[in-house]
Amino acid sequence: MAALSAKAIQNAFLAQDGPRTRHNTRYTCDFCTRNTRSMHSVQGCRLSLADTSAKWLNTTSTAWISFGKQANISCNATQGASDVLSIGKVDFLKLQNGSDIRGVAIAGVEGEPVNLTELVAEAIAAAFAAWLLNKKKADGLRRLRISVGHDSRISAHKLQNAVTHGITAVGHDVLQFGLASTPAMFNSTLTEDAIHHCPADGGIMITASHLPYNRNGFKFFTSDGGLNKTDIKDILERASRIYEESARCGKQEQTGVVTHVDYMSIYASDLVQAVRKSAGNKEKPLEGLHIVVDAGNGAGGFFVDKVLKPLGAVTDGSQFLEPDGLFPNHIPNPEDKAAMEAITQAVLNNKADLGIIFDTDVDRSAAVDSSGRELNRNRLIALMSAIVLEEHPGTTVVTDSVTSDGLTVFIEKKLGGKHHRFKRGYKNVIDEAIRLNSTGEESHLAMETSGHGALKENHWLDDGAYMMVKLLNKLAGARTLNPNIGSKVLTDLAEGLEEAAVTVEIRLKIDQNHADLKGGSFRDYGESILKHLESVISKDPNLHKAPKNHEGVRVSGYGGWFLLRLSLHDPVLPLNIEAQSKGDAIKLGLAVLAASSEFSALDTTALNTFLQQ
């Protein structure tokens, strides 16, 4: 497959507006477009673009060169019909998934055509370099250094090569980390280590989290953290322009430098030092503890050899540490029932003190204690809240919208903190914690029930490995006082958390082709359902709308609660119900069913199935 050239990228930039500096520069590329005055092949075709304005820098930017008020671009190649790249139209904005980019990278799944090709990846990488240069307000001649890593997906290597070419073709350097974790990519923008060429100016993680093997995507980082939705939209718009220009220019020699760096060893070493410090600088503070890890064939296998073993832990019985992008054993997802059953069984079979499980790219995690009790979702948030509130009494804990009422009572009544329930989406939760701090309300922890957890002390990075290190710190510290203590010290921290007997999430789909939408969007339709539900609930004496809620409609009643909200990205209304009995859960479900019955485009099959069980 032909690669995008630097010429294509330059043309995309020039098509916007002009430069800040006054240079007349000539560039060469392998192919050029036909001269507008001739439909025949030409040699040395030349394009002149005059009197362009400097506002271009803020909209498209240049990846590596400042252009002058007049730029002459030359191609010294004979062009025939076969020289023009044949590329299909791509809707780049459809690749946006909130603050990430995700698409289909591998063919073979019916109804899922490939839209994250190597050419698309090159354009996105070049666009990120342009965006980054603009963000840093750097001179156009400056070479950036961008780290690139990937998880275990089978499309990882081809996308890594494409991303590398997209960056180096426009004159910037790449640090290739190979198999890496998402948190490590952010960390590489902070690490001061000249020997390993750090810090990087920016980082790209090639991952699609726990999605199926045929998917892949990108997460982007600067030293300020992960990019937001607006940034991603900006990058995709730039990439679209670059991609369109690629039809007129072919492959070009790379001008940036590629350096291979074993960054995961640096990152893991920092985790090891954190645990040792918590135990009074003891070399092997976990000696005698048996800890098993389930990496789900993702990128988390490093945690055994590079973190636990140096700390003295026994790791026999750890499983699925080998990277395998087909994920043959279970979905690498701490929210997945089969995944949690797998790590629980590993703990029990090996009589381990603790089990740790990661998602594919290690930005999420969960644990299992020696009795097989799962430490995830509300329970993991309670545990982390207990640890953080010991260190920062009275601090605010920010969570997503589906956390339980019992968690609120635990944080506020038992721990003396404040629970700020916000919206679904890990970036939403993290950004809200940052916002609270900016207003003077102290917050040190932001967590989602999905297993994303970020701490102020760790630059608000959602890091599954660091979160497990916080648990290990607690264990190591306790063992300095009592060498025989095990994971019970962790379980005890969450003691007193009230947990519902029935917990369920039901996804109610909106048929976007249904006549009841009357040509409107699924989002507008969903909002109308929520407004109607609010109205109905206000007339029912058994139900009470939450006085403070940031997402959807949250209602308490019958000894439990429900939350109906609109999905962030899909035509779906997820319904979460928690209650102390199945009968009470059914009463809450019936209230939602009655209020939504007149909306014929809403498929309530899943809710009816639950009610009839």
J.: Under the salt bridge (Lys or Arg N to Asp or Glu O under 4.0 Å) rule, what pairs show up with a residue in residues 296-307, not counting sequence neighbours?
T.: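 Matches after skipping sequence neighbours: D305-K309.
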
J.: Is there a side-chain hydrogen bond (donor to acceptor under 3.5 Å, both in side chains) between T360 and D151? Walk through the geometry before answering.
T.: CA-CA 7 Å; T360 317; D151 66 17; 5.1 Å; no

J.: May I have the step-by-step check of side chain to side chain contact (heavy atoms under 4.5 Å, CB included) for E244 and K89, ending in yes or no?
T.: CA-CA 8 Å; E244 289 170 4; K89 189 75 175 174; 3.4 Å; yes

J.: Measuring only between side-chain heavy atoms, which start at C-beta, is Y213 closer than 4.5 Å to V109?
T.: yes

J.: Under 4.0 Å between a side-chain nitrogen and a carboxylate oxygen: does that hold for K219 and D462?
T.: no

J.: Kindly state each residue pair satisfying salt bridge (Lys or Arg N to Asp or Glu O under 4.0 Å) with at least one member in residues 174-187, sequence neighbours excluded.
T.: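 Salt bridge (Lys or Arg N to Asp or Glu O under 4.0 Å) check on residues 174-187 returns no pairs.
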
J.: Would you mind listing every salt bridge (Lys or Arg N to Asp or Glu O under 4.0 Å) that reaches into residues 156-182, with sequence neighbours excluded?
T.: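 The answer is R143-D173.
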
J.: What is the ring orientation for F358 with F302, classed by angle as parallel under 30°, tilted 30 to 60°, or perpendicular over 60°?
T.: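 Aromatic pair F358/F302 classed parallel.
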
J.: Mind jotting down which residue pairs meet the side-chain hydrogen bond (donor to acceptor under 3.5 Å, both in side chains) criterion with at least one end in residues 97-108? Sequence neighbours excluded, please.
T.: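 Of all non-adjacent pairs touching residues 97-108, those that pass side-chain hydrogen bond (donor to acceptor under 3.5 Å, both in side chains) are D100-Y426.
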
J.: Could I get the full list of side chain to side chain contact (heavy atoms under 4.5 Å, CB included) partners for H459, not counting sequence neighbours?
T.: F186, L190

J.: Does atom NZ of K456 have more than 12 heavy-atom neighbours, drawn from other residues, nucleotides or ligands, at distances under 6.0 Å?
T.: yes

J.: Once ring pair (Phe, Tyr, Trp, His ring centres under 6.0 Å) is applied, do any residues pair with Y466, and if so which ones, sequence neighbours excluded?
T.: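 Testing Y466 for ring pair (Phe, Tyr, Trp, His ring centres under 6.0 Å), a comparison that skips the adjacent residues, returns none.
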
J.: Can you name the residues that form a side chain to side chain contact (heavy atoms under 4.5 Å, CB included) with R523, not counting sequence neighbours?
T.: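 So R523 forms a side chain to side chain contact (heavy atoms under 4.5 Å, CB included) with S521, L566.
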
J.: Rounded to the nearest 0.5 Å, how far apart are CZ of F220 and CG of D231?
T.: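 Between F220 CZ and D231 CG, I get 10.5 Å after rounding to 0.5 Å.
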
J.: Holding to side chain to side chain contact (heavy atoms under 4.5 Å, CB included), I want the full list of residues that pass it with A200, two or more places apart in sequence or in another chain.
T.: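 Side chain to side chain contact (heavy atoms under 4.5 Å, CB included) list for A200, sorted by chain: S147, L175, S188.
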
J.: What pairs with N513 under side chain to side chain contact (heavy atoms under 4.5 Å, CB included), at least two apart in sequence or on another chain?
T.: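 N513: side chain to side chain contact (heavy atoms under 4.5 Å, CB included) contacts with D511.
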
J.: Taking atom NZ of K470 and atom CG of L271, what is their separation to the nearest 0.5 Å?
T.: 12.5 Å

J.: Under the side-chain hydrogen bond (donor to acceptor under 3.5 Å, both in side chains) definition, can you give me all pairs with a residue in residues 315-324, not counting sequence neighbours?
T.: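 Qualifying pairs: D294-Q319.
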
J.: What I'd like to find out is whether the side chain of M447 reaches to under 4.5 Å of the side chain of M467, using heavy atoms alone.
T.: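 M447 reaches M467 side chain to side chain.
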
J.: Listed by chain and number, what are the ring pair (Phe, Tyr, Trp, His ring centres under 6.0 Å) partners of F218, not counting sequence neighbours?
T.: none

J.: Using the salt bridge (charged side-chain N to carboxylate O under 4.0 Å, His left out) definition, which of the options R424, K423, R377 pairs with D400?
T.: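 Passing option: R424.
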
J.: Once ring-ring contact (aromatic ring centres under 6.0 Å, His included) is applied, what residue pairs with a partner in residues 92-120 remain, sequence neighbours excluded?
T.: F92-Y243

